[in-house]
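In this text, all values refer to a predicted model and were calculated from it rather than measured experimentally. Along the sequence shown, residues carry numbers from 1.
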Amino acid sequence: MPTPYQTPIGSFTRPTTFFWAAVGATVGLANLWQFPSLASLHGGGLFILLYLACLLLVTLPLMVTEATLGRYSRHGIVLAMDGFIRSAKVSRWWMLAGRLGILAAFLVLSFTVVFGAIALAYVFFGAMGKFSGVDQRGATEILSGLVSDPREYRLFMGWHALFLILVIWVSIQGVVKGLERTLRVVVPGTLLLMLGLFALAAWHGRIDGAVSHLLEMHPEDVTLGSVKAALFHAFFTLGLGMGVWAIFGAYTAPGTRLKRSILAVVLMDTLVAMVAGLMIFAVATDGSSFDGERGFGLLFVSLPVTLGQLPASQFVVAAVFLMVVMIVWTTSLALMEPVVGWFREWMGAPRGWSALIVGLGVWLAGLASLLSFNLWADDRFAGATVFRWLELITGGLLIPAAAILISVFTGWRLTRSLSHRILGQAPAFFAGIWFWVMRLVLPVVVAYIGVQYTAFSLTNLCDSGSDGIWCGQPATVMSEMDDDAVAVEGPATQTPSKQGDGQSEAPAETPPVSKEPAGESAPGENAPKDGDILYHSV
């Protein structure tokens with residue numbers, strides 16, 4: 001068997017492929033179900049400026065670091081760290097940076113494909129007219145019947161398997177014939193479809209109200225919580241700490257302008273979020289009916305209800321959720337790649353077998369999340385389902401820990417000359433900012449994000465009836481949390497109340513899923529609740 005260092009991991013053939021791959025990785029569900037609400041609640045255009053500042057000054061340096069580590073080493077994040085550790089002659093414990101990132105990518109992928117399965121089912125539901133003229137209660141029943149009905153979980157598993165097959169099929173084809181070709185077609189196609197839907201929304205909706213919500217400056221709504229919300233969203237929405245940027249950096253073709261491409265990706269991600277927000281608010285019946293809504297309920301309940309009232313609603317709903325499927329598909333492909341690359345380098349296995357084995361593992365892990373919404377909904381450990389613990393561990397521990405280790409290792413354990421060689425050619429001003437941000441700013445900021453997110457999640461579990469040992473104990477960090485700031489992202493997102501004041505209510509205790517026939521329970525009562533799904537996008 002060849003050693004890991006003799007195993008080629010592949011390469012893109014065109015310099016622009018890195019841009020399209022990175023856009024596919026960063027444009028995720030948060031652009032649809034998170035960013036629009038945050039902007040409308042936290043100052044509109046001012047929040048967008050705060051968000052861009054957080055991206056450029058805090059998270060952009062980490063993106064550049066991960067991508068340049070991969071490009072310099074031509075390996076995934078695990079073997080890249082291994083090589084730099086040997087060069088710097090430091091402790092092997094730093095390998096945790098890569099291994100935690102790969103584990104985080106695997107777990108996030110496992111429940112991302114579950115949401116992709118729901119979106120895929122909704123394409124067909126929309127085309128069949130299930131949402132035409134439906135009200136909120138009816139839409140909740142449709143969601144509950146697909147996701148939460150313990151008698152129909154096999155159908156949900158079928159949609160889950162079908163969506164995962166789409167991901168595995170592309171991965172098996174290889175870096176060029178599979179990943180590169182797919183991303184170069186699907187990502188631009190998604191953007192064109194989004195523009196078409198935006199034009200439709202502007203034609204039939206209220207674009208003036210959407211602009212007022214999202215783009216106009218509302219300084220009276222900007223608070224310290226707005227800064228926190230922008231920071232959390234900027235960190236979690238870009239797929240940091242999971243090896244995605246390292247593997248794409250390793251795949252870069254000659255002539256790729258890496259740092260310029262990353263800057264373009266950041267701006268494109270923000271632009272897509274703005275267009276998605278304008279589209280969503282434009283179709284609102286009164287320009288503000290989505291005010292305060294975000295997360296799972298917005299995308300899979302409120303939005304289908306509103307779209308179902310439009311002319312040719314079957315076509316519109318199917319097209320919107322086809323766009324969602326394409327977004328989750330490219331996100332899943334990006335998350336799959338660092339895990340497959342790591343497996344190939346570790347085992348020296350062929351590409352096809354690596355993709356199949358990783359895909360099987362993702363399917364099994366995904367079943368744990370899928371069944372958490374139906375058969376296992378009342379099987380809770382310390383008040384939380386398996387899915388809730390998976391998203392808490394990834395968002396509160398694994399992703400922040402991997403990001404902190406990478407930033408500290410780059411800033412403190414590598415020599416300054418090696419760090420700058422890894423960075424490559426860059427203006428002295430940018431190189432200086434990058435170096436000191438990695439050294440001093442990022443470790444503190446990311447640690448703050450991880451602690452705050454974990455504290456919020458544990459408090460949320462207590463509000464949901466958890467009997468964990470942390471419940472009922474005085475904890476300043478938990479009691480003083482700003483819900484809007486912490487709930488913006490994480491492998492979880494809590495949907496706030498619809499009060500429009502930007503404050504989240506504590507989620508009501510989620511009743512256990514009924515095992516009785518549907519006729520003996522209120523319609524839709526088993527649909528996922530806001531407190532059940534705290535999902536972050538990558």
Side-chain angles (χ1 to χ4, degrees), residues 1-12 18 21-22 25 62-109 171 174-176 178-180 239-254 256 258 333-355 357-358 361-362 398-399 401-415 418-419 421-424 438:
M1 179 188 301
T3 65
Y5 288 101
Q6 294 173 325
T7 303
I9 59 174
S11 175
F12 295 140
F18 174 84
L62 182 57
M63 296 164 62
V64 171
T65 299
E66 291 191 27
T68 52
L69 287 175
R71 181 186 61 179
Y72 189 88
S73 65
R74 293 296 174 180
H75 286 296
I77 188 63
V78 174
L79 283 190
M81 289 298 298
D82 186 32
F84 292 124
I85 287 169
R86 293 173 186 272
S87 298
K89 298 180 180 179
V90 295
S91 171
R92 301 288 297 174
W93 282 102
W94 290 103
M95 288 292 291
L96 280 174
R99 290 166 178 165
L100 291 178
I102 294 300
L103 178 58
F106 177 83
L107 294 178
V108 172
L109 175 61
S171 185
V175 174
V176 176
L179 193 67
E180 182 173 20
L240 299 171
M242 293 184 286
V244 173
W245 291 91
I247 198 71
F248 284 167
Y251 290 163
T252 51
T256 302
L258 192 62
L333 289 172
L335 289 168
M336 182 90 163
E337 204 56 32
V339 185
V340 171
W342 162 78
F343 190 84
R344 292 187 66 200
E345 291 181 321
W346 175 46
M347 296 295 295
R351 173 82 189 196
W353 281 107
S354 299
I357 293 171
V358 170
V362 170
L398 296 180
I399 294 174
I404 291 170
L405 288 172
I406 290 173
S407 60
V408 172
F409 179 79
T410 306
W412 293 95
R413 303 308 293 164
L414 296 180
T415 64
L418 179 56
S419 296
R421 285 204 306 274
I422 294 171
L423 179 64
M438 294 300 297

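- Side-chain contact between I399 and L240 is absent, with no heavy atoms from C-beta onward closer than 4.5 Å.
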Side-chain donor/acceptor pairs under 3.5 Å, residues 93-100, sequence neighbours excluded:
none

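- Note that CD1 of I102 and CG of L107 are 11.5 Å apart. Values are rounded to the nearest 0.5 Å.
- How far CH2 of W245 is from CG of L258: 8.5 Å, rounded to the nearest 0.5 Å.
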Problem set entry | Test side chain to side chain contact (heavy atoms under 4.5 Å, CB included) applied to F409 and V90, step by step | CA-CA 10 Å; F409 179 79; V90 295; 3.7 Å; yes
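- In plain terms, the two heavy atoms of A402 and G241 that are nearest each other are CB-O, 3.5 Å.
- Summarising the geometry, atom OG belonging to S419 is positioned 11.5 Å from atom CZ belonging to R413; distances are rounded to the nearest 0.5 Å.
- Taking CE from M336 and CG from L179, the interatomic distance works out to 10.5 Å, rounded to the nearest 0.5 Å.
- At least one donor-acceptor pair closer than 3.5 Å links the side chain of T68 to the backbone N or O of T65.
- Every residue two or more places apart in sequence or in another chain was checked for a side chain to side chain donor-acceptor pair (under 3.5 Å) with R421, and none qualifies.
- Minimum interatomic distance between I85 and S91 (heavy atoms only, all atoms of both residues): CG2-O, 3.8 Å.
- Looking only at side-chain heavy atoms (C-beta outward), L335 and M242 come within less than 4.5 Å of each other.
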Problem set entry | Verdict with supporting geometry, I247 and I77, side chain to side chain contact (heavy atoms under 4.5 Å, CB included) | CA-CA 7 Å; I247 198 71; I77 188 63; over 6 Å; no
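- The closest side-chain heavy-atom distance from S73 to L79 is not below 4.5 Å.
- A 4.5 Å side-chain heavy-atom check between D82 and R92 finds at least one atom pair inside the cut-off.
- With a 4.5 Å cut-off on side-chain heavy atoms, Y251 and V175 count as touching.
- Looking at every heavy atom in both residues, G249 comes nearest to F18 through N-CE1, 4.0 Å.
- To the nearest 0.5 Å, the span separating CG on L418 from CG on L423 amounts to 11.0 Å.
- Considering only residues two or more places apart in sequence or on other chains, R351 meets the salt bridge (charged side-chain N to carboxylate O under 4.0 Å, His left out) condition with E337.
- Distance alone, capped at 3.5 Å, places no donor-acceptor pair between the R71 side chain and the A250 backbone.
- Between A403 and L62, the shortest heavy-atom distance links the atoms CB-CD2, 3.7 Å.
- Contact check for F12 versus V176: no side-chain heavy atoms found under the 4.5 Å cut-off.
- Taking each heavy atom of F106 and V358 in turn, the nearest pair found is CE1-O, 4.2 Å.
- Looking only at side-chain heavy atoms (C-beta outward), L414 and I422 come within less than 4.5 Å of each other.
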